[in-house]
Each structure stands twice: as structure tokens, then as C-alpha cells.
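Excluded from the calculations below are hydrogen atoms, water molecules and symmetry mates; all remaining heavy atoms, backbone and side chain alike, are included. Predicted model only: the values in this text are computed from it and were never measured.
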Amino acid sequence: MGSEPPEDVLVLPPIPLATGRLLRDDDDRPLAITAVELVVSTEDGGEHRIALVPRHGAWWAPPDR
């Protein structure tokens with residue numbers, strides 16, 4: 001990544017990216033959420049997963065992002 005300006009590198013905000021503990025399935029039944037991930041696709045066809053961290057009833061970016 002040496003030549004990209006720092007402002008072009010992905011940074012996640014220091015705010016919750018999602019809230020909630022349940023997700024409804026196709027039959028409208030509640031399912032408990034155990035993990036939330038942000039999937040980032042890159043131009044080379046790769047996928048990078050960033051696991052969000054549960055904190056204070058919300059899902060936050062990990063501290064190193």
C-alpha cells in the first residue's frame with residue numbers, strides 16, 4: 001500500500017455500525033445474532049471480513065480499525 005495517500009485507506013467510524021440482538025428469518029421467527037461481520041470486496045476479487053465487536057448492546061468496529 002506504499003503509494004496510496006493515508007486518506008484513501010479504509011477507516012471505520014468510532015460509532016456503532018449496527019444495533020440489536022435478533023434477526024428475523026424468512027418465516028418472521030426471531031434468531032439470536034452471534035456474530036456480525038463487514039465484508040469488503042476488492043478489485044482483485046478478494047473478500048476481507050472484519051468481525052464487529054459486541055459492546056453496550058451494539059456492534060462496533062474492532063479497536064484496530
Side-chain angles (χ1 to χ4, degrees):
M1 287 218 313
S3 63
E4 291 82 13
E7 63 270 10
D8 285 346
V9 176
L10 179 69
V11 175
L12 299 177
I15 59 172
L17 300 176
T19 61
R21 298 177 303 126
L22 299 173
L23 182 68
R24 298 225 174 249
D25 69 6
D26 293 339
D27 294 325
D28 205 34
R29 293 179 297 203
L31 299 171
I33 298 170
T34 59
V36 176
E37 292 182 333
L38 174 66
V39 178
V40 180
S41 300
T42 55
E43 66 183 354
D44 65 357
E47 280 190 351
H48 303 270
R49 296 177 176 276
I50 301 170
L52 300 184
V53 179
R55 210 169 58 220
H56 310 296
W59 297 91
W60 298 71
D64 63 340
R65 296 291 176 165

Response to the item:
salt bridge (Lys or Arg N to Asp or Glu O under 4.0 Å) pairs touching residues 9-19, sequence neighbours excluded, are none
Item to complete: Could you list all the side chain to side chain donor-acceptor pair (under 3.5 Å) pairs where at least one residue sits in residues 10-21, not counting sequence neighbours?
Response: none
Fill in: Qualifying side chain to side chain donor-acceptor pair (under 3.5 Å) pairs with a residue from residues 36-46, counting only residues at least two apart or across chains
Glu37-Arg49, Thr42-Asp44
List, one per line, each side-chain donor-acceptor pair under 3.5 Å for residues 25-32, sequence neighbours excluded.
{"from": "Asp25", "atom 1": "OD1", "to": "Asp27", "atom 2": "N", "distance (Å)": "2.9"}
{"from": "Asp25", "atom 1": "OD1", "to": "Asp28", "atom 2": "N", "distance (Å)": "3.1"}
{"from": "Asp25", "atom 1": "OD1", "to": "Arg29", "atom 2": "N", "distance (Å)": "2.8"}
{"from": "Asp25", "atom 1": "OD2", "to": "Arg29", "atom 2": "NE", "distance (Å)": "3.0"}
{"from": "Asp25", "atom 1": "OD2", "to": "Arg29", "atom 2": "NH2", "distance (Å)": "3.0"}

Worksheet item: With a cutoff of under 4.5 Å between side-chain heavy atoms, which Ile, Leu, Val, Met, Phe, Trp and Tyr residues group with Ile15?
Response: none
Worksheet entry | Co-members of Leu52 in a cluster of I, L, V, M, F, W and Y side chains, linked at under 4.5 Å | Leu10, Leu12, Leu17, Leu23, Ile33, Val36, Leu38, Val40, Ile50, Trp59
Practice prompt. Considering non-hydrogen atoms only, spot the tightest contact between Ala58 and Pro16 and give its length.
Written response: CB-CB, 3.5 Å
Worksheet item: Looking only at heavy atoms, what is the nearest atom pair of Pro62 and Ala51, with distance?
Response: CD-O, 3.5 Å
